[in-house]
Amino acid sequence: MFKERGKVVHYMKEFQPFKEGKVREIYDNGDSLVIVATDRISAFDHILKNRITKKGSILTQMSKFWFDFTSDVVKNHMITVDVNEMPEFFRQEQFTGNSMMCKKLEMLPIECIVRGYITGSGWESYQKNGMVCGIQLPEGLKESDKLPEPIYTPSTKAELGEHDENISYEKSVEILEKMYPGKGADYAAKIKDCTVALYKKCAEYALSKGIIIADTKFEFGLDENGEIVLGDEMLTPDSSRFWPLDGYQAGKGQPSFDKQFVRDWLKANPDSDYLLPEEVVTKTVDKYKEAYELLTGKPFSME
C-alpha cells in the first residue's frame, strides 16, 4: 500500500498454487493452506478434458458438511470456507464456494479405504478368490451385498499419473514405522479405527437420508503436536460410492450419485480419448447436486 497523487493504492498479494492434484489446487498461506476444488474430473487416473460445472463448489460444501458432522469423532483440518475470512486474493468469483482454508498437516502416505458393500474392484477380486485385499470374506456374497462388517483396505498414495496400490494393514504399519520409528503401529491403528468409526457414523446418517455409502476413502495427517487429524476431502462423490437406497437390490451393479456414471461411460466408450459428451457432463453434475441436497437437507448454493 502506498500513496499516489493523494490517494492510497493497495497492491493485493497474489498467490500461485504450489501443488496441483487431479482436481485440486493448493495455495500456501503461511501458517495455513487454501485448497481449491476445481471443476476438473478424473477417472482411471486420468484428468478428463471436460469441466463439470460447479462440481468444485459441491465437493467443498459437502466436505464442510461432513467435517462439521464428524468433529466429535476426530479433529479435522478445516478452518473456514468463507472467502471473506481468507486473504484478499481469494475474494474473487473463481474461488467463491469452492475454497477451503485449512490447517497445515504432515500428510501420512496412506489412503484409508473402507468398504461397507462389495462392489467394483472388490467384487472382481472376491469372484476370483473369495477375498478383498487379502481379507477373507464369507462365501455366497452377491454383487453389491452389504458386508457383515465394514472392512479396512488401505492403499498407497500414488503420484499424479501413477496408480494407487492396495496394501495389507501390516504393510501400512511397515510404511509408517519406516517414516516414524517407534510410532508406526500406533499411527496405523489410529487411522484404521478413525476410518471405520467415521464410516459407520456417516453411513448410518446417509441411510436415513436415502443414500447408501458403499465405500469411501479418507486421508489423515499429523498436526504440530503429532496428533492424527483428518485432512483432504471427505465423503464427496469423488472419493466415495453413493447409491440410492430406493431400488437397491443386491445381485447387480447399482445406479450411483458419484462419478461411477462417468467411469461406466468411459468403459463403454474406450476410444473417447477422455472427452465426455455434454449429456454425460449434465447428468453427472445433477447427480452430485442431488446427493448434496439429500444429505444436507438444503438446496445447493455457491454462497
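On a predicted model such as this, the values are computed, not experimentally measured, just so you know.
By the 4.0 Å N-to-carboxylate-O rule, Lys104 lies close enough to Asp28 to be salt-bridged with it. A salt bridge is absent between Glu177 and Lys183: the closest approach of a Lys/Arg side-chain nitrogen to an acidic carboxylate oxygen does not fall below 4.0 angstrom. Using a cutoff of 4.0 Å between basic side-chain nitrogens and carboxylate oxygens, Lys200 and Glu149 are scored as salt-bridged. Ion pairing between Lys217 and Glu111 holds under the 4.0 Å rule for side-chain N and carboxylate O. Taking the charged nitrogens against the carboxylate oxygens, Lys103 and Asp31 have no contact shorter than 4.0 Å, which rules out a salt bridge. Looking at Glu88 and Arg91, no side-chain N of the basic residue comes within less than 4.0 Å of a carboxylate O on the acidic one, giving no salt bridge.
Between Phe257 and Phe242, the ring centre distance reaches or exceeds 6.0 Å.
A donor-acceptor distance shorter than 3.5 angstrom exists from the side chain of Ser71 to the backbone of Asp68, with no hydrogens or angles considered. A donor-acceptor distance shorter than 3.5 angstrom exists from the side chain of Ser208 to the backbone of Tyr205, with no hydrogens or angles considered. Looking at Thr38, its side chain never comes within 3.5 Å of a backbone N or O of Arg24 through a donor-acceptor pair. Within the 3.5 Å criterion, the main-chain N or O of Ile47 finds no donor-acceptor partner in the side chain of Arg40. At distances below 3.5 Å, at least one donor-acceptor pair connects side-chain atoms of Asn76 with backbone N or O atoms of Met78. Between the side chain of Ser63 and the backbone N or O of Met234 there is at least one donor-acceptor pair closer than 3.5 Å. Side-chain atoms of Asn269 do not come within 3.5 Å of backbone N or O of Asp271 as any donor-acceptor pair. Judged by distance alone, with hydrogens and angles left aside, the side-chain atoms of Thr60 form a donor-acceptor pair with the main-chain N or O of Asn98 at under 3.5 Å. Remark: side-chain polar atoms of Asp223 are paired, donor with acceptor, to backbone N or O of Gly226 under 3.5 angstrom. When atom types are taken as modelled, the side chain of Asp145 and the backbone of Ala250 share no donor-acceptor pair closer than 3.5 angstrom.
Within the 4.5 Å cutoff, side-chain heavy atoms of Phe44 are placed close to those of Lys267. Side-chain contact between Gln249 and Lys252: present, with at least one pair of heavy atoms (C-beta onward) separated by less than 4.5 Å. Residues Leu222 and Ile228 form a side-chain contact, since some pair of their non-hydrogen atoms from C-beta on lies under 4.5 Å apart. At least one side-chain heavy atom of Leu295 sits less than 4.5 Å from a side-chain heavy atom of Ile211. When side chains are defined from C-beta on, Tyr288 counts as touching Ile41, because their heavy atoms get closer than 4.5 Å. Annotation: side chain of Phe95 is not in contact with side chain of Val34 (no heavy-atom distance under 4.5 Å). Side-chain contact between Pro299 and Tyr292 is absent, with no heavy-atom pair separated by less than 4.5 Å. Counting only heavy atoms from C-beta outward, the side chains of Asn50 and Asp39 never approach each other to under 4.5 Å.
With a 6.0 Å radius and a threshold of 12 heavy atoms from other residues, nucleotides or ligands, Gln16 has its CD atom at or below the threshold. Residue-environment remark: CG (Asp246) stays at or below the threshold of 12 foreign heavy atoms within 6.0 Å. The environment of NZ in Lys171 is sparse: at most 12 heavy-atom neighbours from other residues, nucleotides or ligands sit within 6.0 Å. Shown here is Lys146, whose NZ atom has no more than 12 heavy atoms of other residues, nucleotides or ligands within 6.0 Å.
Remark: Tyr180 engages Glu106 in a side chain to side chain donor-acceptor pair (under 3.5 Å) (not counting sequence neighbours).
Rounding to the nearest 0.5 Å gives a distance of 9.0 Å between CD of Glu143 and CD of Glu124. Atom-to-atom distance recorded for Cys102:SG and Ile35:CD1 is 4.0 Å, nearest 0.5 angstrom. Here the straight-line distance linking atom CG of Leu230 with atom OG1 of Thr195 works out to 8.5 Å at 0.5 Å rounding. Atoms CD1 and OG1, from Ile52 and Thr284 in turn, are 5.0 Å apart once rounded to the nearest 0.5 Å. From Ser256, atom OG reaches atom CZ of Arg263 across 8.0 Å, with rounding to the nearest 0.5 Å. To the nearest 0.5 angstrom, Met101 atom CE is 10.0 Å from Leu33 atom CG.
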| query | After noting the C-alpha distance and the side-chain angles of Leu108 and Leu176, does the key distance pass the side chain to side chain contact (heavy atoms under 4.5 Å, CB included) rule? | reply | CA-CA 8 Å; Leu108 300 178; Leu176 291 169; 4.1 Å; yes

| said: Quick one, Ile110 with Ile175, criterion side chain to side chain contact (heavy atoms under 4.5 Å, CB included). Give me CA distance, side-chain angles, the key distance, then yes/no. | reply: CA-CA 9 Å; Ile110 305 292; Ile175 291 170; 4.2 Å; yes

| task | Evaluate side chain to side chain contact (heavy atoms under 4.5 Å, CB included) for Ser144 paired with Trp123, printing each intermediate quantity in order. | result | CA-CA 8 Å; Ser144 305; Trp123 171 241; over 6 Å; no

| field | Step-by-step side chain to side chain donor-acceptor pair (under 3.5 Å) determination, Glu233 to Thr236 | value | CA-CA 7 Å; Glu233 63 183 323; Thr236 69; 2.6 Å; yes

| field | Evaluation steps, side chain to side chain donor-acceptor pair (under 3.5 Å), between Tyr27 and Glu25 | value | CA-CA 7 Å; Tyr27 297 79; Glu25 297 170 348; 3.3 Å; yes

| request: Give the intermediate values and the outcome of side chain to side chain donor-acceptor pair (under 3.5 Å) for residues Thr153 and Arg115. | output: CA-CA 8 Å; Thr153 59; Arg115 304 168 191 257; 2.9 Å; yes

| message | Walk me through whether Phe90 and Phe15 qualify under ring pair (Phe, Tyr, Trp, His ring centres under 6.0 Å). | response | CA-CA 9 Å; Phe90 297 99; Phe15 288 77; 5.1 Å; yes

| said: Evaluate Asp238 against Lys55 for salt bridge (Lys or Arg N to Asp or Glu O under 4.0 Å), listing each step before the verdict. | reply: CA-CA 10 Å; Asp238 266 18; Lys55 170 180 168 283; 2.9 Å; yes

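Side-chain heavy atoms closer than 4.5 Å link hydrophobic residues (I, L, V, M, F, W, Y) into clusters, and following such links, possibly through other members, connects Phe69 to Ile58. Tyr199 and Leu137 are members of different hydrophobic clusters when ILVMFWY side chains are connected at heavy-atom separations under 4.5 Å. Trp66 and Ile113 end up in different hydrophobic clusters when Ile, Leu, Val, Met, Phe, Trp and Tyr side chains are linked at under 4.5 Å. Put simply, Ile191 and Val173 are part of the same group of oily side chains (I, L, V, M, F, W, Y) that touch within less than 4.5 Å, one to the next. No continuous path of hydrophobic side-chain contacts links Leu198 to Leu147 [ILVMFWY only; heavy atoms under 4.5 Å].
The shortest heavy-atom contact between Val262 and Ala43 is CG1-CB, 4.4 Å.
No side-chain donor from either of Thr282 and Glu279 sits under 3.5 Å from a side-chain acceptor of the other. With 3.5 Å as the limit, one finds no donor-acceptor pair spanning the side chains of Thr216 and Arg241. For Glu165 and Thr156, the side-chain atoms include no donor-acceptor pair closer than 3.5 Å.
A cation-pi arrangement is absent between Lys192 and Tyr152 under the rule of less than 6.0 angstrom and at most 45 degrees off the ring axis. Remark: Lys13 fails to qualify as a cation-pi partner of Phe89 under the 6.0 Å distance and 45° angle criteria applied to the six-membered ring.
Using the six-membered ring where Trp is involved, Tyr117 and Tyr248 have ring planes that are perpendicular, over 60° apart on the 30 and 60° scheme.
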